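Right, one structure below, let's go through it.
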Amino acid sequence: MKYTSTLVLLFLSFEIYAQENLISGEIKDSQTNSSLQYVNIGIGNKNAGTVSNEKGIFKLKLNEKVNPNDTIVFSHIGFETKKIIVNQLKSEQNVIEMKPSENSLKEVVVTFKKPKPKQFGRSAKGLGLMHFNFFTALDKTVDDYLSRERGMEFRIKKDCKVTDFNFNITSNEFKSVKFRLNFYKVENGLPSKILIEKDIIFEVKDNKLGLFTVDLKPYDIYLDKEMGDIAVTIQWIESVKSYEKSKYFSISTAMSATENSFYREKNMANWSKTGQSLTFYLNTLCQ
């Protein structure tokens with residue numbers, strides 16, 4: 001009887017643990033009450049992060065590194081960052097309201113007298129022998145890694161307007177993948193603060209392979225030579241699989257002694273750096 005009671009308690013403990021380690025809910029605009037899609041959600045340095053979906057719904061898995069007093073950060077361009085302690089949220093049906101930011105940046109319009117085309121990054125596809133995967137055989141499901149990022153470091157030496165962003169897809173098992181394009185300042189060798197306050201979302205459809213181009217002319221993105229080194233990354237925010245076990249999405253790459261690529265597992269996780277040169281580049285018009 002005592003043995004049976006112990007087993008029951010163990011099963012109950014596992015069930016409670018599973019329930020308490022998943023926080024879910026909906027994120028809304030506090031002024032309009034509309035849902036906020038693709039909000040970044042994470043806990044600093046704990047490898048716990050995700051993004052809300054197109055309906056503002058999120059599911060944040062808490063791993064063994066997270067404790068009840070850790071802070072969950074909700075961030076979205078155009079809104080004030082919100083911070084909530086883990087133990088202040090219920091396991092499910094949370095409603096998080098975010099306030100629009102009052103300090104919006106003024107639009108900058110720059111006119112170049114005789115702009116010259118310039119490319120930042122590597123456009124060569126190589127021999128197709130090396131690939132940088134977003135996901136690996138060890139990853140159980142891509143949904144566990146929403147907000148994962150991959151990108152490259154570029155050195156800006158001129159004042160330029162960005163016309164488009166490009167990368168080369170070598171494998172793709174998805175009907176649809178939505179990414180967010182981010183621009184970061186590089187400090188101490190790693191990406192730090194966001195430089196471009198624009199929410200740039202793009203979609204790769206129908207198992208697309210080969211070169212993919214994102215038109216950035218409508219966003220009026222200007223890179224200032226004073227920026228120095230920057231990081232340009234793509235962040236995985238939503239996907240639709242081609243079949244149940246779809247996992248692989250990769251970009252062609254090559255080893256490099258002079259260039260750096262960056263990656264992090266989830267939003268607010270620590271950045272890592274590797275000596276690889278992704279087929280990953282910007283076309284610009286420069287002064």
Side-chain angles (χ1 to χ4, degrees), residues 6-30 33-76 79-99 134-150 173-180 201 235-241 243-249 263-272:
T6 303
L7 281 177
V8 171
L9 286 173
L10 280 172
F11 284 126
L12 284 173
S13 297
F14 279 124
E15 185 177 355
I16 292 170
Y17 177 84
Q19 290 175 349
E20 289 181 346
N21 280 267
L22 178 65
I23 292 176
S24 61
E26 182 179 2
I27 306 176
K28 293 187 175 185
D29 183 324
S30 64
N33 203 40
S34 58
S35 298
L36 288 180
Q37 59 181 6
Y38 311 133
V39 174
N40 280 319
I41 306 157
I43 301 173
N45 304 318
K46 296 296 178 77
N47 201 27
T50 187
V51 293
S52 62
N53 65 17
E54 60 183 2
K55 296 181 180 179
I57 304 298
F58 72 93
K59 293 181 180 180
L60 177 64
K61 290 187 177 181
L62 307 180
N63 57 45
E64 68 281 357
K65 298 179 182 179
V66 177
N67 66 66
N69 294 318
D70 283 334
T71 300
I72 303 174
V73 179
F74 299 82
S75 63
H76 193 53
F79 288 80
E80 294 181 2
T81 298
K82 186 147 192 172
K83 299 180 179 181
I84 304 177
I85 303 300
V86 170
N87 62 13
Q88 291 179 340
L89 294 176
K90 298 177 293 183
S91 61
E92 57 185 13
Q93 297 179 342
N94 297 284
V95 177
I96 310 299
E97 293 187 343
M98 296 186 68
K99 184 180 179 181
F134 256 84
F135 298 94
T136 71
L138 299 177
D139 294 328
K140 294 181 180 179
T141 171
V142 299
D143 293 335
D144 286 344
Y145 292 93
L146 288 177
S147 74
R148 178 174 278 184
E149 286 184 73
R150 300 284 186 263
E173 298 180 346
F174 294 85
K175 292 180 181 178
S176 168
V177 180
K178 287 185 180 179
F179 292 99
R180 176 184 282 119
I201 308 296
Q235 180 185 29
W236 189 288
I237 58 174
E238 193 172 72
S239 62
V240 179
K241 299 177 180 180
Y243 53 92
E244 184 180 353
K245 295 184 178 180
S246 292
K247 183 181 293 186
Y248 295 106
F249 187 103
Y263 65 94
R264 64 176 173 181
E265 297 303 294
K266 295 180 181 180
N267 175 50
M268 293 197 66
N270 292 328
W271 285 100
S272 296

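One-based numbering along the sequence shown. As the structure is a prediction and not an experimental result, all values here were calculated from the model.
Of all the heavy atoms in Phe74 and Phe58, the pair that sits closest is CE2-CZ, 4.1 Å. Ser147 approaches Gly49 most closely through the heavy-atom pair OG-C, 3.9 Å. Scanning all heavy atoms of the two residues, the minimum distance from Leu146 to Ile237 falls at CD2-O, 3.7 Å. Among all heavy-atom pairs drawn from Ile27 and Ser52, the shortest one is CD1-CB, 4.1 Å. Heavy-atom minimum distance, Pro68 versus Ile85: O-CG2, 3.2 Å.
Going from atom NZ of Lys266 over to atom CG of Leu60 covers 7.5 Å, rounded to the nearest 0.5 Å. Distance check, rounded to the nearest 0.5 Å: OG of Ser35 to NZ of Lys55 gives 9.5 Å. Remark: Glu238 CD to Ile201 CD1 distance equals 9.5 Å, nearest 0.5 Å. For the atom pair CD (Glu26) and CD1 (Ile96), the distance works out to 10.0 Å, reported to the nearest 0.5 Å. Interatomic distance, Ile84 CD1 to Leu89 CG, rounded to the nearest 0.5 Å: 5.0 Å. Rounding to the nearest 0.5 Å gives a distance of 8.0 Å between CE of Met98 and NZ of Lys82.
Under the 3.5 Å distance criterion, the side-chain polar atoms of Lys65 are left unmatched by any main-chain donor or acceptor of Lys46. Side chain of Asn47 to main chain of Ala269: no donor-acceptor pair is present (N/O by atom type, distance under 3.5 Å, no hydrogens or angles). A donor-acceptor distance shorter than 3.5 angstrom exists from the side chain of Lys247 to the backbone of Asp139, with no hydrogens or angles considered. Between the side chain of Glu149 and the backbone N or O of Arg264 there is no donor-acceptor pair closer than 3.5 Å.
Within the 4.5 Å cutoff, side-chain heavy atoms of Ile23 are placed close to those of Asn94. Counting heavy atoms from C-beta on, the side chains of Asp70 and Leu62 never come closer than 4.5 Å. In this structure, Asn67 and Val86 have side chains that are not in contact, with every pair of non-hydrogen atoms separated by 4.5 Å or more. A heavy-atom distance below 4.5 Å is not found between the side chains of Thr50 and Asn267.
The side-chain contact (heavy atoms from CB on, under 4.5 Å) with Ser75 is formed by just one residue from the set Ile41, Asn40, Val39; it is Asn40. For the side-chain hydrogen bond (donor to acceptor under 3.5 Å, both in side chains) criterion with Gln235, the lone passing option out of Lys178, Arg148, Arg180 is Arg180. For the ring pair (Phe, Tyr, Trp, His ring centres under 6.0 Å) with Trp236, the qualifying choice from Tyr38, Tyr145, Phe174 is Phe174, the only one to do so.
Judged by the 6.0 Å distance and 45° axis criteria, Arg150 is positioned over the aromatic ring of Phe134.
The environment of NZ in Lys59 is sparse: at most 12 heavy-atom neighbours from other residues, nucleotides or ligands sit within 6.0 Å. The environment of Lys241 atom NZ is dense: over 12 non-hydrogen atoms of other residues, nucleotides or ligands sit within 6.0 angstrom.
Applying the salt bridge (charged side-chain N to carboxylate O under 4.0 Å, His left out) rule to Lys61 yields the partners Asp144; only residues at least two apart in sequence or on another chain are considered.
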